[in-house]
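Scroll down for the structure; my scribbles are underneath it.
Below, chain A is the first sequence line, B the second, and so on; all start at residue 1. Side chains included, hydrogens not; waters and symmetry mates left out as well; all remaining heavy atoms used.
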Protein chains: 2
Amino acid sequence: MTDRNNCLALDASDPLAALRDQFDLPDGVIYLDGNSLGARPKAALTRAQQVIAQEWGSDLIRSWNTAGWFDLPSRLGNRLAALIGAEADEVVVTDSTSINLFKALAAALQMQAANPATSARRVIVTERSNFPTDIYMAQGLTTWLDRGYTVKLVDRPEQLPAAIDAQTAVVMLTHVNYRTGYQLDMAALTAHIHAQGALAVWDLAHSAGAVPVDLNRAQADLAVGCTYKYLNGGPGAPAFIWIAKRHQAKFRHPLSGWWGHAAPFAMHSEFQPTAGARRALCGTQPIVSLALVECGLDVFAQTTMDQVRAKSLALTDLFIALVERRCGHHPLGLVTPREHARRGSQVSFTHPHGYAVMQALIARGVIGDYREPEIMRFGFTPLYTSYVDVWDAVEVLLQILDKQDYDLNAERDAVT
Amino acid sequence: MTDRNNCLALDASDPLAALRDQFDLPDGVIYLDGNSLGARPKAALTRAQQVIAQEWGSDLIRSWNTAGWFDLPSRLGNRLAALIGAEADEVVVTDSTSINLFKALAAALQMQAANPATSARRVIVTERSNFPTDIYMAQGLTTWLDRGYTVKLVDRPEQLPAAIDAQTAVVMLTHVNYRTGYQLDMAALTAHIHAQGALAVWDLAHSAGAVPVDLNRAQADLAVGCTYKYLNGGPGAPAFIWIAKRHQAKFRHPLSGWWGHAAPFAMHSEFQPTAGARRALCGTQPIVSLALVECGLDVFAQTTMDQVRAKSLALTDLFIALVERRCGHHPLGLVTPREHARRGSQVSFTHPHGYAVMQALIARGVIGDYREPEIMRFGFTPLYTSYVDVWDAVEVLLQILDKQDYDLNAERDAVT
């Protein structure tokens with residue numbers, strides 16, 4: 001039976017253990033919310049000083065050229081590509097995940113509309129349990145297009161294959177579910193989607209930096225994702241969008257701003273998209289936030305996604321086992337799949353008083369988060385989470401539950 | 001005749017002179033490009049450290065509540081409102097100018113389509129000389145709507161009134177032209193636009209913080225603008241969007257992401273817009289870049305737009321007078337209106353070798369910029385530009401022109 005000393009021993013032989021030193025983690029905190037906001041790479045402070053004091057303050061407007069600001073979405077995209085099975089010039093880091101999803105969906109619908117074999121298709125298939133903004137963006141797009149498109153919400157992942165048929169234009173799926181941690185089989189689903197004549201748009205918000213992703217091997221069509229969760233890019237850091245090489249020449253979207261123009265400084269009055277992934281760009285990017293994305297990528301450059309995945313599974317296995325063994329007398333329900341292939345890098349448990357229990361955990365320095373209904377989420381980020389963190393978190397959970405040391409009237413924060 | 005000593009005397013009695021100390025301006029530089037990228041408020045470095053080290057690093061996910069991250073677009077919008085004649089809860093700071101313009105245009109077209117008196121109107125009127133991304137965004141929106149909308153490009157500002165007629169759904173104008181510095185008469189044009197049954201969408205990219213703006217007094221309908229130029233918010237800092245109170249209940253746009261939802265954390269699967277200006281929000285914002293916008297606003301809080309305007313006109317008058325007097329034997333052509341009411345806070349001169357001359361100026365520390373065709377732009381930012389800066393800049397220009405000390409083969413940067 002695993003005890004705390006076993007956990008310490010696992011840390012001592014952990015090949016990723018040294019990477020923790022590259023993050024700023026406050027004393028007294030076990031941070032299990034990297035699936036919501038990744039911890040801060042220590043280098044981010046120095047990098048921000050460089051961008052603000054030197055590039056902005058001293059070099060001023062010249063930094064668009066001398067500091068490579070204009071090229072930054074591509075340069076970061078090319079680095080991020082290695083983590084998601086993408087090639088050079090297939091990814092740009094820009095805008096928000098919601099906005100990038102809008103671009104990807106719009107482009108996918110247009111590609112289907114331009115193909116005589118699929119032009120009559122009017123259904124976007126997704127999961128009802130998808131992160132709501134993905135559904136909202138699809139609703140916003142289809143409402144505005146006003147061409148009879150509908151968004152079909154599927155209740156359970158197992159029902160997805162049957163829901164994708166000859167009416168389906170696009171399937172928009174989040175690879176790892178934000179609430180359950182359920183990981184869809186990207187390759188199998190993409191093959192099925194293509195067999196049905198539809199296109200596959202993947203949201204990697206909870207995948208990039210969390211689980212191995214190979215977009216090109218899966219022959220996915222388009223993808224978007226987030227840099228501020230497992231990639232540790234900073235609060236609200238710009239998101240990314242991936243366009244498979246084979247689709248780039250046809251990729252058009254309504255947010256046709258000057259950064260996506262073939263000659264942005266020629267000041268022509270007609271829009272002409274540039275080549276490659278940069279045609280997904282729109283307007284000027286928030287350079288300070290964008291530049292910090294690189295600090296997170298620098299840490300990933302020191303390991304591999306296989307190493308990250310091995311430790312992620314070990315941490316989540318350990319957490320599940322310890323909670324079930326030590327807290328099994330409490331009404332906790334495992335939501336996240338036990339099967340490795342179906343699991344992301346988080347573990348979710350329901351508890352009838354999930355919100356109050358999570359507030360008690362946070363008050364004691366074990367920071368996870370809560371999602372309706374009743375779900376306590378615990379994110380495991382192998383770059384900075386240790387095995388003994390897992391032991392200690394479960395110990396705190398056990399004490400809270402055993403003593404019912406939580407406040408059922410805990411006031412809800414605006415952001416939960 | 002003004003000489004350098006007169007300029008020093010003007011600085012000595014300048015009520016805004018002390019504000020210059022709040023900016024980081026490199027030695028040996030006369031910065032006349034604040035119309036492209038505002039200089040760095042010194043406070044920005046400290047604020048970035050606070051956001052990165054404390055709010056992100058130490059407080060982590062809790063900062064969405066404790067540091068007010070979620071509320072930041074509104075809080076900054078409410079502060080910015082004072083500079084543009086807006087009320088509380090009419091402005092949010094978010095996304096890019098291009099994307100905000102897309103939202104505003106889409107909402108305006110929908111409002112017109114929903115009104116039986118205007119539902120058949122299919123024309124968006126703008127200027128051919130508008131900043132290209134504004135035109136591109138209108139083209140992107142109308143192409144995707146595919147309902148017969150066209151974008152009508154007017155060649156000269158004087159032709160605008162006649163171009164606005166019973167076919168016009170929306171007039172989209174940039175208040176101060178990025179290239180010429182020509183300031184449109186917002187109140188008169190808005191009145192004319194309304195008299196023709198159209199809606200007025202204003203782009204304040206070169207107005208906010210540059211000239212007095214009173215959106216509500218002009219009875220404008222919607223507006224967008226930039227924070228990284230005269231507002232000194234930092235490179236690519238998030239932009240703003242203004243929704244007149246009377247239009248807010250009807251304001252809908254296609255980028256319906258979770259930040260614009262009435263209950264963003266309830267995780268409903270149907271989009272329901274929130275009240276007020278926040279319905280213009282879409283996805284998660286780049287918090288570090290967003291937070292720095294406040295440092296620029298803090299400087300404006302120490303003066304008034306009337307004071308800023310008085311100095312702006314004095315600086316631009318002085319620059320025009322000195323260039324014409326001292327460099328009048330060179331083929332320079334004033335592009336910017338002499339009439340105060342028609343002038344923004346920049347002065348543009350053409351020169352047959354404008355690009356090369358501007359490169360020579362920059363090499364000597366006088367930083368303006370160049371815009372096709374042949375236009376040298378000089379931005380005057382009363383918060384940190386002095387009268388003696390103007391004298392010295394003209395002196396450098398004179399030397400370059402008299403000695404023809406510029407390189408006609410100067411290589412073009414990617415970003416010019």
Among [options], single out the residue with the greatest number of heavy-atom pairs under 4.5 Å to chain A.
options	result
B:W144, B:W258, B:F271	B:W144
B:A237, B:G260, B:G234	B:G234
B:I135, B:L255, B:L25, B:L153	B:L255
B:S256, B:P26, B:S98, B:G233	B:S256

In terms of heavy-atom proximity below 4.5 Å to chain A, should [X] be classed as side chain, backbone, both, or neither?
X	result
B:A106	both
B:L292	side chain
B:D59	neither
B:Q49	both
B:F23	neither
B:V29	side chain
B:L45	both
B:W259	neither
B:L60	both
B:H268	both

Are [X] and [Y] close enough that a side-chain donor and a side-chain acceptor fall under 3.5 Å?
X	Y	value
A:T385	A:Y31	no
B:T174	B:N130	yes
B:Q285	B:D95	yes
B:D203	B:T97	no
B:T284	A:S96	no

So, do B:Y384 and B:N232 sit near enough that their side-chain heavy atoms are less than 4.5 Å apart?
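Of all side-chain heavy-atom pairs linking B:N232 with B:Y384, at least one is under 4.5 Å.
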Using a 4.5 Å cut-off on heavy atoms from C-beta on, say whether the side chain of A:Y178 contacts that of A:I375.
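In short, these two side chains do not touch, never coming nearer than 4.5 Å.
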So which pairs with a foot in residues 41-53 of chain A pass salt bridge (Lys or Arg N to Asp or Glu O under 4.0 Å), sequence neighbours left out?
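Applying salt bridge (Lys or Arg N to Asp or Glu O under 4.0 Å) to every pair that reaches into residues 41-53 of chain A, excluding sequence neighbours, yields A:R47-A:E55.
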Which of [options] touches chain B most, by non-hydrogen pairs under 4.5 Å:
options	value
A:A39, A:S36, A:S63, A:A48	A:A39
A:L141, A:D146, A:T143	A:D146
A:S289, A:P132, A:P254, A:P286	A:P254
A:G283, A:G140, A:P235	A:P235

Please look at [X] and chain B and tell me whether the side chain, the backbone, both or neither of the residue comes under 4.5 angstrom of a heavy atom of that chain.
X	result
A:S269	both
A:L101	neither
A:N100	neither

Once rounded to the nearest 0.5 Å, what's the spacing between atom CD1 of B:I52 and atom CD of B:Q54?
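That separation rounds to 12.5 Å.
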Working to the nearest 0.5 Å, report the span between NZ of A:K103 and SG of A:C282.
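One gets 6.0 Å once the value is rounded to the nearest 0.5 Å.
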Please determine whether a side-chain nitrogen of the Lys or Arg among A:E372 and A:R179 lies less than 4.0 Å from a carboxylate oxygen of the Asp or Glu.
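Result for this pair is no, no salt bridge flagged.
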More than 12 non-hydrogen atoms from neighbouring residues, nucleotides or ligands closer than 6.0 Å to CD on B:Q50, yes or no?
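More than 12 heavy atoms, drawn from other residues, nucleotides or ligands, come within 6.0 Å of this atom.
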If we ignore hydrogens and angles and just use 3.5 Å, is the side chain of A:R62 paired with the main-chain N or O of A:S58 as donor and acceptor?
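Side chain of A:R62 to backbone of A:S58, a donor-acceptor pair under 3.5 Å: yes, one is there.
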